[in-house]
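Contents: one structure, followed by commentary.
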Amino acid sequence: MTTAPGTALDGPNGTPGETPDTAGRSGGERRNRRPRSLIVSFFGGYGREIGGWVSVAGLISLMAGLEVDAPGVRSAVSRLKRRGLLEAERRGGAAGYRLSEAGVRILADGDRRIFERRTAELSAGWVLVVFSIPEAERGLRHRLRSRLTWLGFGSTAAGVWIAPAHLADEARRALTELGARGYAQLFTGQRLGFGDLADAVADWWDLDALQGMYRAFLGEYEPVLARHRLSGEDSGDPAAAFADHLRAVDAWRRMPFLDPGLPPEVLPSAWSGTRAAQVFLDLHALLRPPALEHVRTATGG
């Protein structure tokens with residue numbers, strides 16, 4: 001099933017250089033996300049279902065429903081083209097954009113992280129990335145730290161990063177893609193001591209920021225889910241379903257990258273991540289069919 005975008009170049013979803021932001025943002029800020037982010041989410045959520053290509057006119061029409069104007073759309077797709085996610089292509093005399101091969105791969109990687117989200121088992125252990133990168137390569141050091149953050153790693157000390165063991169393959173790939181293997185070592189294993197593991201996890205990850213991120217999502221989208229459930233699938237407005245679904249996808253898609261799926265035993269008892277994930281999945285299941293119908297009607301896809 002084609003779903004929604006994820007994964008990283010330096011940041012997630014083909015948006016290199018973005019700074020991870022786990023602080024909860026207000027509903028107004030989420031509603032007014034940058035056009036580029038919304039368009040990445042659009043291609044991840046619907047682009048592959050309609051053949052991977054959309055006309056500029058069709059995209060402008062759809063984005064107008066999210067209060068993104070035509071200049072904003074044109075600027076965003078131009079930037080995404082420069083970043084290698086989209087490629088310009090004319091079809092039937094119409095100017096448009098399609099996903100590049102790299103874009104298809106990036107979005108497929110994101111689908112796995114978002115819709116095959118794993119919760120770690122404590123017994124499975126941990127993966128450690130240990131690196132020492134010289135000052136002359138500080139740009140590489142910054143890129144590696146950024147990529148590890150986007151993979152959901154926590155930092156135990158300078159040059160020592162940790163995550164649940166199921167992220168070992170992603171860590172290996174990141175080190176390879178960045179050209180950092182010569183400066184790093186990769187380990188998996190169990191923690192033998194000392195002190196309470198939950199306290200250590202709270203030092204390695206900013207759980208308060210993650211909790212705030214999830215609570216902000218719930219504050220925005222639990223009411224949206226309730227409203228659409230009340231209206232019913234058949235009586236809803238496909239254009240409204242599209243706008244709400246795309247905003248929800250765009251708000252959610254970074255979160256599974258910043259949260260590695262830590263074992264429940266080491267999380268606070270009032271952890272909001274599980275409920276937030278369920279709200280997103282329920283909203284996705286309810287709204288995506290009418291949203292996709294609206295996209296196909298608007299684009300002829």
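Heavy-atom basis, side chains included; hydrogens, waters and symmetry copies ignored.
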Step-by-step side-chain contact (heavy atoms from CB on, under 4.5 Å) determination, Leu175 to Leu144: CA-CA 8 Å; Leu175 290 167; Leu144 179 55; 3.8 Å; yes
Heavy-atom neighbours of Arg98 CZ exceed 12 at 6.0 Å: yes
Under the side chain to side chain donor-acceptor pair (under 3.5 Å) test, residues paired with Thr156 that sit two or more places apart: none
Any side-chain heavy-atom pair of Arg48 and Asp111 under 4.5 Å: yes
Flag side-chain contact, heavy atom, 4.5 Å: Arg254 against Trp150: yes
All side chain to side chain contact (heavy atoms under 4.5 Å, CB included) counterparts of His142, not counting sequence neighbours: none
CD1 on Ile50 to CG on Leu292, rounded to 0.5 Å: 8.0 Å
Asp203: partners by side chain to side chain contact (heavy atoms under 4.5 Å, CB included), with sequence neighbours left out: none
Salt-bridge present (Glu177, Arg147; N to O < 4.0 Å): yes
Sequence-distant partners of Arg191, side chain to side chain donor-acceptor pair (under 3.5 Å), two or more places apart: none
Leu262 side chain near Pro164 side chain, heavy-atom distance below 4.5 Å: yes
Approximate separation, where rounding is to 0.5 Å, of Leu230 CG and Leu225 CG: 11.0 Å
Nearest non-hydrogen partners of Phe153 and Ala171, listed with the distance: CZ-CB, 3.6 Å
Residue pair Leu86 / Ser100, side-chain heavy-atom distance below 4.5 Å: no
Steps toward side-chain contact (heavy atoms from CB on, under 4.5 Å) verdict (Leu197, Leu122): CA-CA 10 Å; Leu197 179 56; Leu122 202 55; 3.6 Å; yes
Minimum side-chain heavy-atom gap Trp161-Trp204 below 4.5 Å: no
Check: residues 52-64 side-chain donor-acceptor pairs under 3.5 Å, at least two apart:
residue	atom	partner	partner atom	Å
Trp53	NE1	Glu89	O	3.0
Ser55	OG	Gly58	N	2.8

Side chain proximity check, Val295 to Glu49, heavy atoms < 4.5 angstrom: no
With sequence neighbours excluded, residues passing salt bridge (charged side-chain N to carboxylate O under 4.0 Å, His left out) with Glu135: Arg138, Arg141
Contact summary for Gly103 and Leu85, nearest pair of heavy atoms: CA-CD1, 3.4 Å
Side chain to side chain donor-acceptor pair (under 3.5 Å) involving Glu293 - partner list, sequence neighbours excluded: none
Contacts of type salt bridge (charged side-chain N to carboxylate O under 4.0 Å, His left out), residue Arg275, not counting sequence neighbours: Glu222
Within 6.0 Å of CZ in Arg91, more than 12 heavy atoms from elsewhere: yes
For Asp69, salt bridge (charged side-chain N to carboxylate O under 4.0 Å, His left out) partners two or more places apart: none
Residue pairs fulfilling salt bridge (Lys or Arg N to Asp or Glu O under 4.0 Å) with at least one residue in residues 53-66, sequence neighbours excluded: none
Distance in Å, Leu246 CG paired with Ser41 OG, rounded so as to fall on 0.5 Å steps: 5.5 Å
Aromatic ring proximity, centroids under 6.0 angstrom, Tyr214 and Trp271: yes
Audit row: Ser78, Arg82, side chain to side chain donor-acceptor pair (under 3.5 Å) steps and yes/no: CA-CA 6 Å; Ser78 179; Arg82 289 198 300 270; 3.2 Å; yes
Side chain to side chain, Phe217 and Ser272, heavy atoms closer than 4.5 Å: no
Arg90: side chain to side chain donor-acceptor pair (under 3.5 Å) partners, not counting sequence neighbours: none
Heavy-atom closest pair, residues Ala202 and Leu207: CA-CD1, 4.0 Å
Trace of the side-chain contact (heavy atoms from CB on, under 4.5 Å) decision for Trp126 with Thr188: CA-CA 5 Å; Trp126 305 89; Thr188 59; over 6 Å; no
Lys/Arg N to Asp/Glu carboxylate O, Asp208 vs Arg215, below 4.0 Å: no
Nearest heavy atoms of Ala88 and Lys81, plus distance in Å: CB-NZ, 4.1 Å
Minimum heavy-atom distance between Ala285 and Pro289, given as atom pair plus value: O-CD, 3.4 Å
Near-ring test Phe42/His245, centroid separation under 6.0 angstrom: no
Between CG on residue Leu287 and NE2 on residue His294, distance to nearest 0.5 Å: 13.0 Å
Show me the donor-acceptor pairs, under 3.5 Å and distance only, between side chains in residues 179-186 and residues at least two apart or in other chains.
residue	atom	partner	partner atom	Å
Arg181	NH1	Thr176	OG1	3.3

Centroid separation Phe280 to Trp252 less than 6.0 Å: yes
Side chain Thr119, main chain Gly261, donor-acceptor under 3.5 Å: no
Spacing of NE2 belonging to His228 relative to OH belonging to Tyr221, to within rounding of 0.5 Å: 10.5 Å
Neighbour count >12 (heavy atoms, 6.0 Å) for atom CD, Glu101: no
Test item: Val127 and Ile162 side chains (from C-beta on) under 4.5 Å apart, heavy atoms: no
Glu121 atom CD, over 12 foreign heavy atoms within 6.0 Å: no
Salt-bridge present (Asp109, Arg113; N to O < 4.0 Å): no
From CZ (Phe242) to CZ (Arg288), nearest 0.5 Å: 11.5 Å
Any donor-acceptor pair under 3.5 Å from His166 side chain to Pro260 backbone: yes
Shortest non-hydrogen separation from Leu66 to Ala243 and the atoms involved: CD2-O, 3.9 Å
Centroid-centroid under 6.0 Å between Phe43 and Tyr97 rings: no
